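Side chains included, hydrogens not; waters and symmetry mates left out as well; all remaining heavy atoms used. Everything numeric in this text was worked out from a predicted model, so none of it was measured.
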Amino acid sequence: MSGTVSRSFGLNLPEYPWEAMAPYARQAAAHADGAVNLSIGTPVDPTPAFIQEALAAAADAPGYPTTHGTLELRQAIAGWFARRRAVPGLDPQDIMPTVGSKELVAWLPLLLGLGAGDVVVRPTVAYPTYDMGAVLAGATAVAADDLEDLDEQTRARVRLVWVNSPGNPTGIVRGAESLARLVEQARELGAVVASDECYAELGWGEWDTARGGAPVPSVLDPRVSGGSNESLLAVYSLSKQSNVAGYRAAFVAGDSAIIANLVNSRKHAGMIVPAPVQAAMQAALSEDGHVAEQKDKYRARRELLVPALESFGLDIRHSEAGLYLWATAGEDTWQTVQRFAELGIVVGPGVIYGDAGAGFIRVALTGSDERIAAAARRLAEAAG
């Protein structure tokens with residue numbers, strides 16, 4: 001039509017970072033014994049039968065579920081916090097289920113009302129979605145592990161601070177004293193602290209409770225919060241602990257006023273966890289045995305991979321918790337990725353986690369026992 005102005009539609013976002021792995025995945029797939037994909041932390045073990053049964057039992061769900069979640073689910077989450085995270089007396093009103101944790105990470109800056117001129121702080125080596133959340137809100141993402149590392153002008157604009165402990169990809173755990181200091185810094189600035197804690201049940205060494213270690217602290221732990229959840233949010237996902245990544249089952253808890261506002265905003269947007277998934281979450285969070293069993297599997301896989309990686313010349317850094325081994329061969333990231341692909345093993349490139357990830361790779365523990373054993377064997381053979 002004459003006079004019509006053509007325009008394009010869609011968000012102008014960078015290409016999804018994992019697309020860069022396609023050629024290496026193809027090369028690994030050509031290995032005679034098949035590929036071992038240890039690049040993405042997606043669970044491969046079965047969803048426990050009792051969780052599947054809870055999902056199926058709630059499948060007759062003709063009505064809309066509530067955005068805030070059922071009271072029974074929120075009570076189960078509060079009980080889990082008291083039992084597993086040393087957070088007693090959490091009010092179920094201050095809890096809300098989310099459609100997985102990634103959607104909350106991506107949309108939280110926008111839902112908090114952040115925009116141009118506001119700063120979102122994320123760890124120096126971090127999950128890329130923290131940056132994308134800032135982009136979607138029109139805010140600015142800044143990498144820092146301590147707010148004192150920021151210049152005065154930047155500090156004055158900080159509105160949201162992401163902490164990720166245990167960290168993805170590094171496996172770094174921040175103790176209660178470190179977290180408390182960060183909370184104090186953020187409160188002085190009037191900023192919200194959002195703590196992504198989805199690997200909290202997967203501590204190793206000094207953080208392995210099944211081997212006499214201490215539990216990974218939550219930002220809502222009274223030692224951290226000072227007894228008040230003001231300006232604090234804890235985010236957790238059941239994907240890893242319960243093998244329900246396909247359910248998109250997660251939740252956020254903390255500051256009463258912020259949670260109430262999030263519930264209201266999400267009602268307007270229709271961001272609701274399906275009723276059968278809420279029922280499955282309630283079941284999963286009420287039973288701890290399956291979590292310990294799954295952790296035992298990951299521990300055994302980790303104990304196979306660590307010496308194999310070291311024999312191949314990798315130096316494993318941090319990795320004290322979580323589903324990954326953060327390692328370097330002292331060379332360019334893509335050179336290391338290529339050497340692994342030649343062995344039919346796909347690993348994650350550290351460069352997608354920020355500039356500080358250059359030279360590193362991330363190796364996931366989320367392969368089957370057979371595939372993990374195959375990877376360990378290939379690495380040992382290559383090392384001679």
Side-chain angles (χ1 to χ4, degrees), residues 13-21 24 38-41 102 105-106 109 119-135 139-151 153-155 157-158 160-175 178-179 181-182 185-186 191 193-199 202 204 207 216 219 235 306 309-310 313-340 346-365:
L13 299 179
E15 183 177 53
Y16 192 61
W18 285 101
E19 298 301 324
M21 286 300 300
Y24 302 98
L38 304 180
S39 66
I40 300 179
K102 184 173 183 175
V105 171
V119 167
V120 175
V121 177
R122 54 87 164 168
T124 53
V125 182
Y127 186 47
T129 309
Y130 303 128
D131 283 348
M132 283 299 99
V135 169
T140 300
V142 174
D145 295 317
D146 191 309
L147 297 184
E148 291 186 358
D149 294 339
L150 303 176
D151 62 72
Q153 187 176 25
T154 302
R155 279 170 55 88
R157 296 190 293 124
V158 173
L160 171 62
V161 180
W162 278 108
V163 60
N164 181 207
S165 175
N168 172 17
T170 62
I172 291 173
V173 175
R174 297 184 71 144
S178 172
L179 285 173
R181 181 169 179 271
L182 183 67
Q185 291 174 332
V193 176
S195 181
D196 183 350
E197 303 176 354
C198 72
Y199 298 96
L202 294 168
W204 313 114
W207 301 107
V216 173
V219 75
V235 181
V306 166
L309 290 169
E310 291 176 338
L314 275 291
D315 179 17
I316 297 172
R317 306 278 180 87
H318 304 299
S319 307
E320 52 259 39
L323 282 180
Y324 313 107
L325 296 168
W326 184 239
T328 180
E331 61 191 10
D332 178 78
T333 289
W334 295 108
Q335 184 177 347
T336 308
V337 171
Q338 172 67 34
R339 292 199 295 120
F340 272 80
V346 188
V347 295
V351 291
I352 73 171
Y353 299 99
D355 294 342
F360 285 83
I361 61 168
R362 190 192 77 169
V363 184
L365 306 179

As an exercise, state the distance from [atom1] of [X] to [atom2] of [Y], rounded to the nearest 0.5 Å.
X	Y	atom1	atom2	result
Ile361	Leu309	CD1	CG	6.5 Å
Thr170	Leu325	OG1	CG	11.5 Å
Met132	Thr129	CE	OG1	8.0 Å
Thr124	Asp146	OG1	CG	11.0 Å
Leu314	Thr336	CG	OG1	7.0 Å

The ring pair (Phe, Tyr, Trp, His ring centres under 6.0 Å) partners of Tyr130 (sequence neighbours excluded) come to Tyr127, Trp162
Side chain to side chain contact (heavy atoms under 4.5 Å, CB included) involving Ala186 - partner list, sequence neighbours excluded:
Leu147, Val161, Ala191, Val193
Of all heavy-atom pairs between [X] and [Y], which one has the smallest distance, and what is that distance?
X	Y	value
Asp149	Asp145	OD2-N, 4.5 Å
Asp196	Asn164	O-ND2, 2.9 Å
Asn168	Arg362	OD1-NH1, 2.9 Å
Val346	Met21	CG1-CE, 3.6 Å
Tyr199	Pro166	O-CG, 3.5 Å
Trp334	Asp332	N-OD2, 2.9 Å

So do the side chains of Glu197 and Val216 get within less than 4.5 Å of each other, counting heavy atoms only?
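Side-chain contact under 4.5 Å: no.
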Can you sort out the partners of Glu148 under salt bridge (charged side-chain N to carboxylate O under 4.0 Å, His left out), two or more places apart, ordered by chain and number?
Arg181
When you compare the side chains of Asp315 and Thr328, does any donor N or O come within less than 3.5 Å of an acceptor on the partner?
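Checked: Asp315/Thr328 side chains show no N/O donor-acceptor pair below 3.5 Å.
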Hey, can you tell me if Tyr353 and Trp326 have their rings parallel, tilted or perpendicular (30° and 60° cut-offs)?
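Tyr353 and Trp326: perpendicular rings.
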Mark yes when over 12 heavy atoms from residues, nucleotides or ligands other than Asp151 sit less than 6.0 Å from its CG; otherwise mark no.
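Above 12, so yes.
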If you count heavy atoms of other groups shown closer than 6.0 angstrom to CD of Glu19, is the number above 12?
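Check passes, neighbour count above 12.
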Report yes or no: does Thr333 contribute a side-chain atom to a donor-acceptor pair with the main-chain N or O of Gly359 at less than 3.5 Å?
yes
